[in-house]
Amino acid sequence: MDRRERFETELLPHLRSLYGAAHRLARNAADAEDLVQETLTRAWAGLDRFAPGSNARAWLHTILQRARTDAWRRRSRRPELVELSGPEPADRVSPAAAATAGLDVERALQGLPETYRAAVVLRDLEGFSYQEIAEILGVALGTVMSRIHRGRALLREALSGTPS
């Protein structure tokens, strides 16, 4: 099997899962697409280091997390431009419509600090085990457990509207 076939058969089937995680981490479609593209570019470059038959999904999510961290660091080094006046964004949704559409959970998830959001997304939405999450994020197993616990508590707090 040549390099291209291997890439297409082992890695591309995980594209949907990868995009979903990227969208939850990046909080918008354009940045998520950029993250997925960067992840796939890095995966292509490092395909020789990927062991055939190992967990391709976890490998891709590890690359995604590192690409996200790199992008976040680059973004934090430059000033953020803010528009001071102008019309309301067209995609504003009333609170009632957001609740009926289930957007309140997504909004609460996006409001979590990055470290907690990454752990909760990987566990509760992507279904990775605690050990896999520890490997993907490059942290200790206890740290993963703590971040997931605290992230879920913050989600409950945000959804209930009262501090826990």
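Starting from 1, each residue takes its place in the sequence as its number.
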(message) Could you measure the distance from the CG atom of Leu40 to the CG atom of Leu15? Nearest 0.5 Å is fine.
(response) 6.0 Å
(request) Rounded to the nearest 0.5 Å, what's the gap from CD on Glu33 to CD on Glu38? Could you check? (result) 14.5 Å
(message) Do Leu154 and Pro113 have side chains that approach each other closer than 4.5 Å (heavy atoms only, starting at C-beta)?
(response) yes
(message) With a 3.5 Å distance limit and no angle check, can you tell me whether Arg24 reaches the backbone of Val121 through a side-chain donor-acceptor pair?
(response) no
(request) Spell out, as yes or no, whether a donor-acceptor pair under 3.5 Å connects the side chain of Ser54 to the backbone of Ala51. (result) yes
Mind listing the closest non-hydrogen atom pair of [X] and [Y] along with its distance?
{"X": "Arg152", "Y": "Arg123", "result": "NH2-CG, 3.7 Å"}
{"X": "Gly20", "Y": "Glu126", "result": "C-OE2, 4.1 Å"}
{"X": "Ala119", "Y": "Arg147", "result": "CB-CB, 3.9 Å"}
{"X": "Leu112", "Y": "Arg117", "result": "O-NH1, 2.8 Å"}
{"X": "Leu60", "Y": "Ala43", "result": "CD2-CB, 3.8 Å"}
{"X": "Arg6", "Y": "Leu47", "result": "NH1-O, 3.2 Å"}

(request) Starting from the C-alpha separation in whole Å, work towards a yes-or-no answer on side-chain hydrogen bond (donor to acceptor under 3.5 Å, both in side chains) for Thr62 and Glu135. (result) CA-CA 8 Å; Thr62 300; Glu135 292 169 10; over 6 Å; no
(request) Could you list the residues that satisfy side chain to side chain donor-acceptor pair (under 3.5 Å) with Arg66, not counting sequence neighbours? (result) none
(request) Please list all pairs passing the ring-ring contact (aromatic ring centres under 6.0 Å, His included) test where one or both residues lie in residues 21-63, with sequence neighbours left out. (result) Phe7-Trp44, Tyr19-His23, Phe50-Trp59, His61-Phe128
[Y] reachable from [X] in the ILVMFWY side-chain graph, under 4.5 Å edges:
{"X": "Val120", "Y": "Leu137", "answer": "no"}
{"X": "Ile136", "Y": "Val139", "answer": "yes"}
{"X": "Tyr116", "Y": "Leu122", "answer": "no"}

(message) Around atom CZ of Arg3, are there more than 12 heavy atoms from other residues, nucleotides or ligands closer than 6.0 Å?
(response) yes
(message) Could you check whether atom CD of Gln37 has more than 12 heavy atoms from other residues, nucleotides or ligands sitting under 6.0 Å from it?
(response) no
(message) My understanding is that only one of Leu64, Ile63, Asp70, Leu18 makes a side chain to side chain contact (heavy atoms under 4.5 Å, CB included) with Leu35; could you say which?
(response) Leu64
(request) Apply salt bridge (charged side-chain N to carboxylate O under 4.0 Å, His left out) to Arg68 and Glu114, showing your working. (result) CA-CA 10 Å; Arg68 170 68 180 116; Glu114 174 69 26; 3.2 Å; yes
(message) Less than 4.0 angstrom from a charged side-chain N to a carboxylate O is my criterion; do Arg57 and Glu132 meet it?
(response) no
